[in-house]
Novice: 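Sharing a structure, written as C-alpha cells. Questions coming.
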Amino acid sequence: MSENESPSASAVQASREVRAVISRLRRRILKASEVEDLTLGQSSVLARLSDKGDVTASELAATEGVRHQSMTATVAALAAKGLVERRPDPDDGRRLLITLTPEGVRRVEEGRQARTEWLADRLQARCTEEERRAVIATMAVLERLTRD
C-alpha cells in the first residue's frame with residue numbers, strides 16, 4: 001500500500017475485530033490460570049524468566065517496561081515467596097542474576113498447563129472440527145502479520 005492509500009473498509013473492520021477479540025481472549029486465558037497470591041506483573045516476570053533464563057533486574061525492567069525500582073520490588077516479592085533467587089553473575093560479580101527456583105518453574109508450568117487446558121476445552125466444547133481448523137488457518141495468517 002502506498003503512503004497515499006488508506007486501508008480498505010474491510011482492513012479497518014478486521015483490525016478492530018481482531019484487537020477486540022484478542023484482548024478479551026487474553027484476559028479470559030489469564031483468568032483461567034489466575035493465582036491469588038501473584039499479581040499480573042509477578043506472573044509476567046515468572047513467564048519472562050522461564051523464556052529467557054537468568055537475567056538482571058535491569059533487563060527484566062526494560063523488557064517489562066517498568067522502572068528498575070519497581071522491578072526490584074517485584075523480584076523481592078517473588079523471592080520472598082520462594083519463586084526466584086538472586087545470585088552473582090559468574091561473568092561480572094557486581095551484577096545479580098535473577099533465576100527461577102524449582103518452585104517457580106513448577107508454578108510457571110502449572111499456569112501454562114491451566115491456560116492450555118482452558119482454551120482446548122472451550123475449543124472442543126464450542127467449536128466444530130471445521131471451525132477449529134479455521135482457527136488454525138487464521139492463526140497462520142495472524143502469525144504472518146507479526147513478521148517484519
Novice: Hey, does the side chain of Arg132 reach the backbone of Leu123 with a donor-acceptor pair shorter than 3.5 angstrom?
Specialist: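 Side chain of Arg132 to backbone of Leu123, a donor-acceptor pair under 3.5 Å: yes, one is there.
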Novice: CD/Glu59 to NE2/His68 distance, rounded to the nearest 0.5 angstrom?
Specialist: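 Spacing of CD (Glu59) from NE2 (His68) equals 10.0 Å.
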Novice: What's the spacing between Leu100 CG and Glu109 CD if we round to 0.5 Å?
Specialist: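 Spacing of CG (Leu100) from CD (Glu109) equals 9.5 Å.
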Novice: Distance check, rounded to the nearest 0.5 Å: Leu30 atom CG versus Ser44 atom OG?
Specialist: 9.0 Å
Novice: Give a yes-or-no answer on whether the side chains of Thr56 and Ser58 include a donor-acceptor pair shorter than 3.5 Å.
Specialist: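 Absent: no donor and acceptor within the cut-off.
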Novice: Say whether Thr128 and Arg133, considering side chains only, have a donor N or O and an acceptor N or O under 3.5 Å apart.
Specialist: no
Novice: Do we see a donor-acceptor contact under 3.5 Å between the side chains of Glu17 and Gln13?
Specialist: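 Glu17 vs Gln13: donor-acceptor pair found between side chains.
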Novice: Does one side chain, of Arg27 or Ser23, offer a donor that lies under 3.5 Å from an acceptor on the other?
Specialist: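 Side-chain D/A pair, Arg27 to Ser23: present.
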Novice: Would the distance check show the side chain of Ser15 and the main-chain N or O of Ala11 forming a donor-acceptor pair, the cut-off being under 3.5 Å?
Specialist: no
Novice: With distance as the sole test, does Thr116 use its side chain to make a donor-acceptor pair with the main-chain N or O of Arg112 at under 3.5 Å?
Specialist: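 Side chain of Thr116 to backbone of Arg112: a pair is present.
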Novice: Can you run down the salt bridge (Lys or Arg N to Asp or Glu O under 4.0 Å) pairs that involve residues 68-79, sequence neighbours left out, and say none if there aren't any?
Specialist: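 Residue pairs passing salt bridge (Lys or Arg N to Asp or Glu O under 4.0 Å), neighbours aside: none found.
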Novice: When you look at CD of Gln69, are more than 12 heavy atoms from neighbouring residues, nucleotides or ligands closer to it than 6.0 Å?
Specialist: yes
Novice: With side chains defined as the heavy atoms from C-beta onward, is the minimum distance between Ser50 and Val105 less than 4.5 Å?
Specialist: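 No, every pair of side-chain atoms sits at 4.5 Å or beyond.
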Novice: Show me the donor-acceptor pairs, under 3.5 Å and distance only, between side chains in residues 76-92 and residues at least two apart or in other chains.
Specialist:
unit_1 : atom_1 : unit_2 : atom_2 : d
Lys81  : NZ     : Asp37  : O      : 2.9
Arg87  : NH2    : Asp54  : OD2    : 2.0
Asp89  : OD1    : Asp91  : N      : 2.8
Asp89  : OD2    : Arg95  : NE     : 3.1
Asp89  : OD2    : Arg95  : NH2    : 2.8
Asp92  : OD1    : Arg94  : N      : 3.1
Asp92  : OD1    : Arg94  : NE     : 2.9
Asp92  : OD1    : Arg94  : NH2    : 3.4
Asp92  : OD2    : Arg94  : NH2    : 3.1

Novice: Tell me whether Glu117 contacts the main-chain N or O of Ala114 through its side chain, where contact means a donor paired with an acceptor under 3.5 Å.
Specialist: no
Novice: Is there side-chain contact between Thr63 and Lys52, with heavy atoms separated by less than 4.5 Å?
Specialist: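 In contact.
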Novice: Is any side-chain heavy atom of Leu25 closer than 4.5 Å to one of Leu119?
Specialist: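 Leu119 reaches Leu25 side chain to side chain.
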Novice: If the threshold is 4.0 Å, N to carboxylate O, is there a salt bridge linking Arg107 and Glu110?
Specialist: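 Salt bridge: no.
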Novice: Sort out for me which residue in Leu46, Asp51, Leu49 forms a side-chain contact (heavy atoms from CB on, under 4.5 Å) with Val108.
Specialist: Leu46
Novice: For Leu38 and Ser43, which heavy atoms make the closest approach, and how far apart are they?
Specialist: CB-OG, 3.8 Å
Novice: Take a 6.0 Å sphere around CZ of Arg122 and say whether it holds more than 12 heavy atoms from other residues, nucleotides or ligands.
Specialist: yes
Novice: Let me confirm one number: the NZ-CH2 distance from Lys31 to Trp118, rounded to the nearest 0.5 Å.
Specialist: 11.0 Å
